[in-house]
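As the structure is a computational prediction, the values presented were derived from the model and not from experiment. Both backbone and side-chain heavy atoms feed into the values below; hydrogens, waters and symmetry mates do not.
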Number of protein chains: 2
Amino acid sequence: MNKREDMKQMIERLKQRGVTLTPQRMAVIEFLIKSSNHPCVDTIYQAIKKKYPSISPATVYSTLQLLKEMGEIQELHIRGDRACYDPITWRHHHLLCRSCGRILDVDIDGCPITNNKLIREHRVEEVQAYIYGVCSECLEKERDDKSKS
Amino acid sequence: MNKREDMKQMIERLKQRGVTLTPQRMAVIEFLIKSSNHPCVDTIYQAIKKKYPSISPATVYSTLQLLKEMGEIQELHIRGDRACYDPITWRHHHLLCRSCGRILDVDIDGCPITNNKLIREHRVEEVQAYIYGVCSECLEKERDDKSKS
DNA sequence: ATTCATCTTATAATCACTATTACTTTGTAA
DNA sequence: TTACAAAGTAATAGTGATTATAAGATGAAT
């Protein structure tokens, strides 16, 4: 849960693997680690542009691809239209709240797919589980609104 | 497992809900039910074009959207670049084989996400679980190839 | 047959993402 | 430091799935 520490460690790993840590890449990494929103490319791009007005979307794309290939981030296809990114790489699931539109982390204890290397004779290399519904906060609000009316 | 029966029932449900069953829509439904490949829009379009040369991709798109809204088919985003469709709507998971590229159905027994209405206080309305790996057939081939060499 | 709503088709538009290429930065080695 | 090759960035154009629009076709109801 210590983001500063997580970032330091990620940077250390990348350095040791010979990745050049340019200011642009650092900005992407920093934004990803600090955000808990699972941002999409444009969100990352717009945010970084404030500090680095000359940055190009292509750089954001290429940095994200690099980090993905290095196994440092996860690419989520929970929204049909664009990819979102998650700097947390241990296996967990995601919920897309249809009310507020946020993507939330959902960690599962006894999930059979995420815990096995084989499933029905198939080799499992990666799992993405996307849950669509309504998050606890929005459910709370629903209840409040109902009790008022 | 009786596809003819499945199709009859789907058509009956659609009729009862006032959906006009045009020849084009019927062709999409028929192709979907008969295929066990989780086809994408273009695959469906190309196949139907043989029988209905004048059909437009827009019609395929709109029919799929209609069927999705009616809860008669599932839209899969297991491939990053295009949607695929599954006429089986009871909850099951999918495997994308990185070797042969096929999408296979994987039914799970003791899966906690698919069996609960609530998860960590969030309301679960729909679940899509995408497994990336190698299917059993391709694993078999791998083993055969190894033993030969 | 006329009307009206709905469906289909063709076309253009959108938007995420990729490819290309010229320019800039970085790391390195004298 | 300086020079230089390798790698990274940015601008631009290109691709391809999907959506929007508008004109024509269908089909039921009067």
Side-chain angles (χ1 to χ4, degrees), chain A residues 11 14-32 38-70 72-85 96 101 103, chain B residues 11 14-32 38-70 72-85 96 101 103:
Chain A
I11 287 164
L14 290 168
K15 267 189 191 165
Q16 288 192 342
R17 298 177 72 181
V19 174
T20 315
L21 290 166
T22 64
Q24 293 92 330
R25 288 179 176 173
M26 286 298 291
V28 171
I29 292 171
E30 189 176 4
F31 184 79
L32 270 174
H38 308 84
C40 64
V41 175
D42 194 56
T43 304
I44 299 169
Y45 169 64
Q46 296 298 342
I48 293 177
K49 213 168 49 165
K50 287 175 192 162
K51 253 185 135 177
Y52 297 84
S54 74
I55 200 171
S56 144
T59 302
V60 179
Y61 275 104
S62 80
T63 302
L64 290 169
Q65 197 177 339
L66 176 70
L67 294 174
K68 186 178 65 171
E69 280 163 8
M70 289 286 168
E72 295 291 345
I73 62 172
Q74 273 188 76
E75 189 176 71
L76 308 181
H77 291 278
I78 190 166
R79 300 188 199 279
D81 57 347
R82 63 208 128 122
C84 299
Y85 295 87
L96 175 59
I103 297 171
Chain B
I11 287 163
L14 290 167
K15 267 189 190 163
Q16 288 190 345
R17 297 176 73 181
V19 174
T20 316
L21 290 167
T22 64
Q24 293 91 332
R25 288 180 177 173
M26 286 298 290
V28 171
I29 291 171
E30 189 175 5
F31 183 80
L32 270 175
H38 308 85
C40 64
V41 176
D42 194 56
T43 303
I44 300 169
Y45 168 65
Q46 297 296 341
I48 294 177
K49 212 168 49 164
K50 288 174 192 161
K51 253 184 133 177
Y52 297 85
S54 74
I55 199 171
S56 146
T59 303
V60 178
Y61 275 103
S62 80
T63 302
L64 290 169
Q65 197 178 339
L66 176 69
L67 293 174
K68 186 178 64 172
E69 281 164 7
M70 290 286 169
E72 295 291 345
I73 62 173
Q74 274 188 74
E75 190 177 69
L76 308 181
H77 291 278
I78 191 167
R79 298 187 199 280
D81 54 348
R82 63 210 128 120
C84 299
Y85 295 88
L96 175 59
I103 297 171

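Side chain of B:R25 to main chain of B:T20: a donor-acceptor pair is present (N/O by atom type, distance under 3.5 Å, no hydrogens or angles). Side-chain N or O atoms of B:R79 include one that pairs as donor or acceptor with a backbone N or O of B:G101 at under 3.5 Å.
The CD1 atom of B:I29 sits 11.5 Å away from atom CD1 of B:I44, with the distance rounded to the nearest 0.5 Å. Annotation: the span from B:L64 atom CG to B:I73 atom CD1 amounts to 5.0 Å, rounded to 0.5 Å.
Shown here are the side-chain hydrogen bond (donor to acceptor under 3.5 Å, both in side chains) partners of A:E30, two or more places apart in sequence or in another chain: A:K34. In terms of the side-chain hydrogen bond (donor to acceptor under 3.5 Å, both in side chains) criterion, residue partners of B:Q74 (sequence neighbours excluded) are, by chain and number, B:Q128. Contacts of A:K51 classified as side chain to side chain contact (heavy atoms under 4.5 Å, CB included), with partners at least two apart in sequence or in another chain: none.
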Between B:Q65 and B:Y61, is the side-chain contact (heavy atoms from CB on, under 4.5 Å) condition met? List the steps. CA-CA 6 Å; B:Q65 197 178 339; B:Y61 275 103; over 6 Å; no

Step-by-step side-chain contact (heavy atoms from CB on, under 4.5 Å) determination, A:T59 to A:T22: CA-CA 11 Å; A:T59 302; A:T22 64; over 6 Å; no

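The two residues A:R82 and A:C40 have their closest heavy-atom pair at NH1-SG, 3.6 Å.
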Once base and sugar-phosphate atoms are separated, protein heavy atoms under 4.0 Å mark nucleotides 6-20 of chain D, 5' to 3', with B, S and - as --SSBB-----SBB-

One character per nucleotide, please: for nucleotides 22-30 of chain D, 5' to 3', B when the base has a protein heavy atom closer than 4.0 Å, S when only the sugar-phosphate does, - otherwise. ---------

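For DNA chain C, the contact window with chain B, defined by any atom under 4.0 Å from a protein heavy atom, covers C:dC7 to C:dA10 in 5' to 3' order.
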